[in-house]
J.: 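Just dropping this structure here.
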Amino acid sequence: MDAATIVRDASVSGTHIVGELRLEWSAACNVGRVRETNEDAALALPGMYLIADGMGGHDSGELASEAALLTLSAATSAGELNATKLQLDDLLVAAQRRIGEIDTETDRRAGTTATGAVLVTYEQSPHWLVLNIGDSRTYRYQNGSLQQLTTDHSQVQEFIDAGFLTPEQARTDPRRNVITRALGAGMVDPVPDFFNTPAFPGDVLLLCTDGLTGELPDEEIGDILANASTSDEAAERLVDAALALGAHDNVTVIVVTVHESVPTLTMPALDGAAEGMSTDEATVSDPN
Ligand SMILES: [Mn+2]
């Protein structure tokens, strides 16, 4: 397993081969145009892609997002779904404890969101185990349409659910920053959502913090994914679009494009297009 390295104020990309899939990924974490510090963080390991949006006084938000991702990075990718889910449950509790130990000089407790996807095996085929706590998001772009896989834990999401706001109204509502679940932030126990969904070649996963979705509506995000030919290009264009709109918050994205690891004769162009990228080839073998 690679050593876990936090991506912050940087863009990093590579390719992970996990089982029968080749995962072409790109992570970009940008401070934006307004904030002085970057409390977001991203982490990419073979078959494991996570982001976090920290909060708290002084540097505690930065420490919280980093602690969450480094703790969760101990999970095993390419394992059985249920085993990995149990592992993540335990690691979320451990992350919560670590975040609780962060000193804050103000009464704002350190906390963070966390979302992302871990490749697992379920019914003998590769699936994404998606986790979420807070208002960062995991989307999937599949067959030309963008679907938000996670549900925000936020006050405005509750207003959407109750029919008082449309998602587009919620995007710019002044209450949009109030989140109802987090790791740390004085909450007692982490209450994550988990979903699992098949990992199909051709799919693109997008993980992003609210610094992206606060600037760009879903239609625009979908258009950028539709017109990008690599994960690198998609990640760069998404961050550039948020910067062009003022980037009022830190902006973090991870784009993961799923390919078959063994090129087939019917897809030579697709395989060729990915050559020449900076790659960080890594193979995960099932420990069992
Ligand atoms: Mn944010």
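We count ligands from 1, going down the list as the structure has it; atoms in each ligand are counted the same way. Just so it is clear, the structure is predicted and the values come from calculations on it, not from any experiment. No hydrogens, no waters, no symmetry mates; every other heavy atom, side chains included, goes into these values.
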J.: For residues Ser136 and Thr209, is any side-chain donor paired with an opposing acceptor at under 3.5 Å?
T.: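 Checked: Ser136/Thr209 side chains show no N/O donor-acceptor pair below 3.5 Å.
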J.: Quick check for you: to the nearest 0.5 Å, what is the distance between Leu129 atom CG and Leu81 atom CG?
T.: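 Separation between the atoms: 5.5 Å.
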J.: Does a donor on one side chain and an acceptor on the other come within less than 3.5 Å for Glu39 and Asn250?
T.: no
J.: Looking at Tyr49 versus His16, is the centre-to-centre ring distance below 6.0 Å?
T.: yes
J.: I'd like to check the ring-ring contact (aromatic ring centres under 6.0 Å, His included) partners of Phe159; sequence neighbours left out, ordered by chain and number.
T.: none
J.: Which protein N, O or S atoms lie under 2.8 Å from the Mn ion (ligand 1), given by chain and residue number?
T.: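 Correct list: Asp53 OD2, Asp210 OD1, Asp249 OD2.
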J.: Between Thr197 and Arg140, is any side-chain donor less than 3.5 angstrom from a side-chain acceptor?
T.: yes
